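If you're wondering where the values come from, they're calculated on a predicted model, not measured in any experiment. Below, chains carry the letters A, B, ... as their sequence lines are ordered, and counting in each starts from 1.
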Number of protein chains: 2
Amino acid sequence: MDTALDRAVRVFCERGYHATSIGDLTAAMRLATGSVYKAFRDKQAVFLAAFDRYAAVRREQTRSAAARGSNGRERLRHMLLFYVEHSQGIEGRRGCMVVGGTVELAALDPQVRARVNAQIETNEAFIAGLIREGQGDGSIPAHVDVDDTARLMICITQGMRVVGKARLPLDGKRLVGVAMKLLA
Amino acid sequence: MDTALDRAVRVFCERGYHATSIGDLTAAMRLATGSVYKAFRDKQAVFLAAFDRYAAVRREQTRSAAARGSNGRERLRHMLLFYVEHSQGIEGRRGCMVVGGTVELAALDPQVRARVNAQIETNEAFIAGLIREGQGDGSIPAHVDVDDTARLMICITQGMRVVGKARLPLDGKRLVGVAMKLLA
DNA sequence: GATAATAGGGAATGATCGTTCCCGAATAAA
DNA sequence: TTTATTCGGGAACGATCATTCCCTATTATC
């Protein structure tokens with residue numbers, strides 16, 4: 001089931017919600033129409049389940065990318081690098097379900113809006129935690145405003161997913177190098 | 001006609017492309033079905049025309065916001081402030097056609113992709129120009145990398161539109177204050 | 001003033017959508 | 001072996017979509 005959901009994630013990432021038909025979904029998930037409706041109440045339920053799966057995988061990846069750093073500042077750097085890399089190439093042009101869900105459904109579907117909000121706020125809290133870690137271990141100056149910087153970094157990561165979907169190239173090292181000035 | 005197009009812009013911003021039916025469009029534009037199809041070849045043509053109108057208005061607003069500054073750095077600051085303000089409240093939750101077009105259609109429609117790319121690149125070039133102005137008038141250090149900083153600022157502006165559509169609050173002064181560190 | 005041309009309005013149309021219903025195979029129970 | 005039950009598959013359904021067609025005023029032309 002998780003593997004079918006992963007396939008649904010790919011389709012929803014690439015085509016979004018409304019442009020994805022049940023036919024697209026059954027083809028991608030290798031399930032018949034009836035089987036999909038036996039497992040999920042309706043199309044929205046498939047989307048929500050796929051979103052949760054996407055968010056969980058993505059959260060895990062982000063955390064393990066950050067773990068590669070040796071202090072708060074370095075963990076933040078690795079996290080940003082991870083985001084740039086995944087905003088590029090094949091995965092970049094496929095797109096992000098958080099960004100896609102927000103842009104396409106935040107105004108139309110309160111349930112989806114609640115999920116994307118939760119996901120964004122979780123990410124923001126994670127970033128804020130890393131900044132505080134850095135301030136604790138001395139790698140980030142104490143005068144850096146935790147909340148404002150975290151929110152701006154969320155804007156940067158979400159924005160990179162947009163720019164990556166538009167297929168503009170993003171140079172990871174260079175972009176992150178500039179972004180790290182925010183921790184000065 | 002421009003006023004009808006402005007109304008179409010509002011609908012496309014809020015609902016995106018696929019969730020906007022011809023019925024939504026005719027209701028918003030105060031035009032009958034036949035009249036819409038007499039003025040435009042098909043729904044995509046309405047979207048492209050609305051997008052061009054949106055981009056033109058937006059470009060003008062951005063430029064006049066920047067003009068409020070007295071040197072390169074201040075012009076950049078006013079431009080960023082303008083973006084935060086418009087990413088919030090009523091207009092923020094309505095959404096941005098560039099972001100929406102990218103996320104919903106960049107992977108599916110080459111014509112839309114070309115337009116959003118052109119718009120993003122125009123904005124980026126405008127930002128780069130402001131940075132260069134600042135370096136010329138001494139308000140921005142010469143060691144600031146123009147292209148990388150401009151691209152990161154594009155990510156910030158696009159990301160703010162995503163976060164604003166998700167209805168998270170954005171404090172203009174504070175966020176821009178942090179972002180201006182990128183010009184150090 | 002009569003007629004041609006145009007523009008706007010809305011019903012009809014075919015396609016496609018999401019959803020439901022029902023069938024057949026496979027498994028478990030008797 | 002026979003019967004009951006579950007599960008995956010796909011045809012059928014009503015609704016809605018984008019699009020076309022045609023009708024009716026209104027304007028311009030002669």
Side-chain angles (χ1 to χ4, degrees), chain A residues 1-54 95 97 100-101 103-113 115, chain B residues 1-54 95 97 100-101 103-113 115:
Chain A
M1 173 53 64
D2 266 359
T3 139
L5 225 37
D6 280 329
R7 291 198 255 256
V9 165
R10 287 176 60 119
V11 175
F12 277 130
C13 279
E14 186 151 357
R15 308 179 56 85
Y17 181 78
H18 290 105
T20 299
S21 70
I22 301 293
D24 295 332
L25 236 29
T26 57
M29 298 170 87
R30 268 100 106 151
L31 251 44
T33 317
S35 306
V36 169
Y37 277 87
K38 210 149 284 180
F40 302 96
R41 198 166 46 81
D42 54 17
K43 183 181 167 185
Q44 189 217 33
V46 183
F47 184 84
L48 290 176
F51 183 89
D52 288 342
R53 170 97 183 128
Y54 175 85
M97 262 193 99
V103 170
E104 204 177 352
L105 294 171
L108 306 175
D109 186 327
Q111 284 195 69
V112 173
R113 183 169 67 240
R115 307 269 176 136
Chain B
M1 173 52 66
D2 265 1
T3 139
L5 225 37
D6 279 329
R7 291 198 255 256
V9 165
R10 286 176 60 119
V11 173
F12 277 131
C13 278
E14 184 151 356
R15 309 180 55 85
Y17 181 78
H18 290 106
T20 299
S21 70
I22 301 294
D24 295 331
L25 236 29
T26 57
M29 297 170 89
R30 269 101 104 152
L31 252 45
T33 318
S35 307
V36 169
Y37 277 88
K38 210 151 282 182
F40 303 96
R41 198 166 46 80
D42 54 17
K43 184 180 166 185
Q44 189 218 30
V46 183
F47 184 84
L48 290 176
F51 183 89
D52 288 343
R53 171 100 182 126
Y54 176 85
M97 263 194 98
V103 170
E104 204 176 353
L105 293 170
L108 305 175
D109 186 326
Q111 284 194 71
V112 173
R113 184 169 66 241
R115 307 267 176 138

Could you give the distance from NE2 (H18(A)) to OG1 (T20(B)), rounded to the nearest 0.5 Å? 9.0 Å
Please pick, from dT20(C), dT19(D), dG8(D), the nucleotide with the shortest atom-to-atom distance to any side-chain atom of K38(A). dG8(D)
Between R30(A) and K43(B), who's closer to the 5' end of DNA chain D by nearest nucleotide? R30(A)
For S35(B) and dG9(C), is the shortest distance between a side-chain N/O and OP1 or OP2 below 4.0 Å? yes
Atom CZ of R41(B) and atom C1' of dA18(D): how far apart are they, to the nearest Å? 13 Å
For DNA chain C, find the residues of residues 14-24 of chain A with a heavy-atom distance under 4.0 Å and give them by number; none if there aren't any. T20(A), S21(A), I22(A)
On the 0 to 90° scale, with breaks at 30° and 60°, tag the Y17(B)-F47(B) ring pair as parallel, tilted or perpendicular. perpendicular
Under a 3.5 Å cutoff, is there a donor and acceptor pairing between the side chains of T3(B) and D6(B)? no
Whether the side chain of D24(A) engages the backbone of S21(A) through a donor-acceptor N/O pair (distance < 3.5 Å, no angle test) should be reported. yes
Student check: side-chain heavy atoms of V103(B) and E104(A) closer than 4.5 Å: no
Nearest-angstrom distance from the residue atom CG of L31(A) to C1' of dG8(D): 8 Å
With the side chain of A32(B) defined as its heavy atoms from C-beta on, choose the nearest nucleotide among dG10(C), dG9(D), dA18(D). dG10(C)
Rounded to whole angstrom units, what separation is found between the CE atom of M29(B) and the P atom of dA7(C)? 16 Å
For R41(A) and A45(A), indicate whether the former's side chain and the latter's backbone hold a donor-acceptor pair under 3.5 Å. no
Under 4.0 Å from OP1 or OP2 of dT19(D): is there any side-chain N or O of Y37(B) that close? yes
Atom CG of D42(B) and atom P of dT20(D): how far apart are they, to the nearest Å? 8 Å
